[in-house]
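One structure is given below, encoded as structure tokens.
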Amino acid sequence: MTGFWTCAISELGFVRISLSSAYGATWDDVQESLKKLHARHGHQFLADDVKGTDAPETDSKDTTDAHLVALAKRHGLKLATLDTPLAAKPWAAGVAENPLRHSLKSS
């Protein structure tokens, strides 16, 4: 499968971080960035069809990650993450991957 997908949770995470004081983007900046992302070749938007009962059992800090893993798994996708501990969790095995890990090994 080629291309890349976003969903409401991943896009809202981008919005939240971008609007934070650490990055200081404006609402218009964020919306323009999302529009550009949506226009990129290969982008597809994945509607979220995972119920709360479909995610694996986790503690409170992993609920969103577990939901994203379940969503990716349901659709035969990989979850790209820079969160190395997430990719190592048993319930994320084979789904959550750090895309930079492969490029760093080949460098």
Can you pull the side-chain hydrogen bond (donor to acceptor under 3.5 Å, both in side chains) pairs that have at least one residue in residues 77-90, sequence neighbours excluded?
D62-K89, K78-E97
Are any of the side-chain heavy atoms of T6 and L46 separated by less than 4.5 Å?
no
Pair H38-E11, side-chain donor/acceptor within less than 3.5 Å
yes
For [X] and [Y], which heavy atoms make the closest approach, and how far apart are they?
X   : Y   : value
A70 : A55 : CB-CA, 4.1 Å
W91 : A66 : CZ3-CA, 3.4 Å
A92 : L86 : CB-O, 3.4 Å

Determine, using the 4.5 Å side-chain heavy-atom cutoff (strictly less than), whether [X] and [Y] are members of one ILVMFWY cluster.
X   : Y   : value
L34 : F45 : no
V50 : V69 : no
F14 : L37 : yes

Could you give the distance from NE2 (H75) to CH2 (W5), rounded to the nearest 0.5 Å?
8.0 Å
How many angstroms lie between atom CZ of R16 and atom OH of Y23, to the nearest 0.5 angstrom?
11.0 Å
Of D49, D54, L79, L77, the one forming a side chain to side chain contact (heavy atoms under 4.5 Å, CB included) with L71 is D49
I would like to know whether F4 and R40 meet side chain to side chain contact (heavy atoms under 4.5 Å, CB included); could you show each step before the answer?
CA-CA 10 Å; F4 66 102; R40 288 186 63 111; 4.1 Å; yes
For I9, all residues meeting side-chain contact (heavy atoms from CB on, under 4.5 Å), sequence neighbours excluded
C7, D48, T64, H67, L68
